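Read through the structure below, which is laid out as structure tokens, and then see the notes.
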Amino acid sequence: MRFRRTRLAAANTGRGPTYASGSGSMADALGRLPLFAGLRRHELERLARGAEDMEVKTGRVLCREGDVGRQFFVIVEGEVELSRDGRQVRRLGHGAFFGETALIEREPYTTSAIAVTDVRFIVLSSQAFSSLIHGNPVVETRVLRELVVENVAQRNVAEASFREQLELNAHAALHDGLTGLPNRTLFGDRLQQAILRVGREPGQPTVLLMDLDRFKEVNDTLGHAAGDSVLRDFAARLQAAVRKGDTMARLGGDEFAVIVTARQSDDVLSVIQRIQAAAERPFNVQGLPIGLEVSIGVAHYPEHGSDPETLTRHADIAMYAAKVARAGYAFYDAATSQ
């Protein structure tokens with residue numbers, strides 16, 4: 001995506017854009033800018049012939065999306081704020097300079113300049129600008145200095161945006177979009193890490209895999225929006241019920257899982273009881289109290305599996321055993337799961 005300069009009508013500014021052709025007023029305006037201070041009169045007039053002079057008023061957007069037929073540079077006389085996607089990128093003061101990179105950007109950036117005081121924009125074509133600095137080492141040095149400042153600012157904004165997008169992408173890839181809990185992929189990684197820590201830290205990992213009994217009835221009778229509300233509510237209750245350091249996840253649908261690092265069986269039973277109590281409190285859905293229960297399957301490391309896939313599968317088998325028996329929870333039993 002590229003950007004074009006937007007000329008403002010005389011009704012908006014008090015006077016329309018003026019095309020300078022070596023006029024004294026343009027040469028005088030250029031001579032007042034720090035960038036061109038010290039240039040001889042004929043150099044200023046030659047520069048003026050390749051410039052467009054635009055006066056703007058406070059609060060006007062100077063640059064909009066569109067095509068641009070030629071490269072150009074802008075020198076600001078006054079004060080202007082350069083913003084991108086609603087965020088201020090740089091505030092340009094009297095006589096500041098920025099090059100084509102500030103106005104000609106690629107997606108996802110949208111660059112606009114907002115006048116914060118009455119501002120005159122002096123626009124130079126790339127040919128005029130090259131002609132200006134050729135043979136004027138003082139001006140070239142000033143331009144390079146300003147370009148370095150501008151490029152650093154542009155790069156910092158781009159890098160910050162890139163890092164932010166990477167973080168968002170990484171979070172989205174490993175977390176459930178509805179509840180914000182870790183998803184199946186992150187759950188498997190956390191379980192693998194818990195297994196690797198066995199022997200170096202006290203306790204052994206236990207997988208609790210659960211779903212909400214009669215949840216399908218909520219979806220079928222009240223709709224998926226109501227079901228989503230129940231899932232978000234249960235996720236919040238689950239976070240409050242487990243211990244600090246335990247890992248929770250939503251594996252899909254109404255299926256949730258918890259990794260409990262237990263030193264003794266009572267630790268696991270305590271977490272199970274808190275989860276059951278949290279699930280049994282009525283859910284407020286569209287003003288209606290909905291009573292649900294949870295079925296939990298339990299698989300211990302290493303008795304019920306030595307890897308994340310086996311432990312999770314065996315916890316799932318135990319969960320269905322608990323559901324059939326209406327027992328609330330059940331431990332994996334190889335003898336009865338054949």
Side-chain angles (χ1 to χ4, degrees), residues 171-172 174-188 190-191 205-262 264-300 304 311-333 336-337:
H171 187 275
L174 297 174
H175 290 79
D176 172 52
L178 179 65
T179 64
L181 293 179
N183 61 15
R184 184 180 292 272
T185 300
L186 183 54
F187 174 80
R190 295 274 180 86
L191 183 53
T206 296
V207 174
L208 309 181
L209 198 144
M210 67 205 74
D211 70 7
L212 294 169
D213 299 335
R214 302 190 306 278
F215 175 77
K216 186 176 182 298
E217 297 175 12
V218 176
N219 266 342
D220 292 344
T221 58
L222 298 178
H224 289 284
D228 288 348
S229 175
V230 169
L231 293 176
R232 284 192 294 266
D233 192 355
F234 180 68
R237 297 183 187 189
L238 189 62
Q239 287 179 300
V242 303
R243 307 169 310 167
K244 183 178 180 181
D246 293 339
T247 294
M248 298 142 290
R250 181 189 176 208
L251 304 187
D254 65 325
E255 191 173 68
F256 293 80
V258 177
I259 303 170
V260 179
T261 301
Q264 51 191 7
S265 59
D266 287 348
D267 293 340
V268 176
L269 292 175
S270 177
V271 173
I272 290 174
Q273 290 166 359
R274 289 199 299 271
I275 293 173
Q276 288 177 317
E280 289 169 0
R281 296 199 311 270
F283 293 86
N284 189 338
V285 181
Q286 299 176 2
L288 301 173
I290 304 296
L292 299 175
E293 295 176 351
V294 64
S295 294
I296 304 173
V298 186
H300 284 305
H304 302 146
L311 279 171
T312 303
R313 184 173 70 256
H314 287 172
D316 188 54
I317 293 171
M319 180 191 70
Y320 279 101
K323 190 179 292 290
V324 170
R326 297 186 177 181
Y329 69 92
F331 290 84
Y332 175 73
D333 185 347
T336 60
S337 62

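Note that the structure is predicted; figures quoted are calculated from it, not measured.
Interatomic distance, Leu311 CG to Ile259 CD1, rounded to the nearest 0.5 Å: 9.5 Å. The CG atom of Leu178 sits 12.5 Å away from atom CG of Asn183, with the distance rounded to the nearest 0.5 Å. To the nearest 0.5 Å, atoms CG (Asn219) and CG (Asp254) are separated by 8.5 Å.
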Which side-chain N or O atoms in residues 268-289 pair as donor and acceptor under 3.5 Å with protein atoms at least two apart or in another chain?
{"from": "Ser270", "atom 1": "OG", "to": "Arg274", "atom 2": "NH1", "distance (Å)": "2.8"}
{"from": "Arg274", "atom 1": "NE", "to": "Ala241", "atom 2": "O", "distance (Å)": "2.6"}
{"from": "Arg274", "atom 1": "NH2", "to": "Ala241", "atom 2": "O", "distance (Å)": "3.3"}
{"from": "Asn284", "atom 1": "OD1", "to": "Gly287", "atom 2": "N", "distance (Å)": "3.3"}

Distance-only criterion, 3.5 Å: show the donor-acceptor pairs between side-chain atoms of residues 242-253 and protein atoms not counting sequence neighbours.
{"from": "Arg243", "atom 1": "NE", "to": "Asp246", "atom 2": "OD2", "distance (Å)": "3.0"}
{"from": "Arg243", "atom 1": "NH2", "to": "Asp246", "atom 2": "OD1", "distance (Å)": "3.1"}
{"from": "Arg243", "atom 1": "NH2", "to": "Thr261", "atom 2": "O", "distance (Å)": "2.7"}
{"from": "Asp246", "atom 1": "OD2", "to": "Arg243", "atom 2": "N", "distance (Å)": "3.1"}
{"from": "Arg250", "atom 1": "NE", "to": "Gly253", "atom 2": "O", "distance (Å)": "2.9"}
{"from": "Arg250", "atom 1": "NH1", "to": "Asp176", "atom 2": "OD1", "distance (Å)": "3.0"}
{"from": "Arg250", "atom 1": "NH1", "to": "Asp176", "atom 2": "OD2", "distance (Å)": "3.2"}
{"from": "Arg250", "atom 1": "NH2", "to": "Gly253", "atom 2": "O", "distance (Å)": "2.9"}

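Residues satisfying the side-chain hydrogen bond (donor to acceptor under 3.5 Å, both in side chains) test with Arg232, not counting sequence neighbours, are none. For Asp233, the side-chain hydrogen bond (donor to acceptor under 3.5 Å, both in side chains) criterion is met by Arg237, not counting sequence neighbours. For Glu293, the salt bridge (Lys or Arg N to Asp or Glu O under 4.0 Å) criterion is met by no residue, not counting sequence neighbours.
A donor-acceptor distance shorter than 3.5 angstrom exists from the side chain of His314 to the backbone of His304, with no hydrogens or angles considered.
Under the 4.5 Å side-chain criterion, counting only non-hydrogen atoms from C-beta, Thr179 is not in contact with Phe234. Within the 4.5 Å cutoff, the side chain of Val207 has heavy atoms near those of the Phe187 side chain. Between Phe256 and Val294 the shortest side-chain heavy-atom distance does not fall below 4.5 Å. A 4.5 Å side-chain heavy-atom check between Glu255 and Asp316 finds at least one atom pair inside the cut-off.
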Evaluate side-chain contact (heavy atoms from CB on, under 4.5 Å) for Val218 paired with Leu292, printing each intermediate quantity in order.
CA-CA 10 Å; Val218 176; Leu292 299 175; 4.3 Å; yes

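Annotation: side chain to side chain donor-acceptor pair (under 3.5 Å) contacts involving residues 205-218, sequence neighbours excluded, comprise Thr206-His300, Asp211-Lys323, Asp213-Ser295, Asp213-Lys323, Lys216-Asp220.
Ring geometry for His175 against His171 counts as parallel: the plane angle stays under 30°, on a 0 to 90° scale with 60° as the upper cut.
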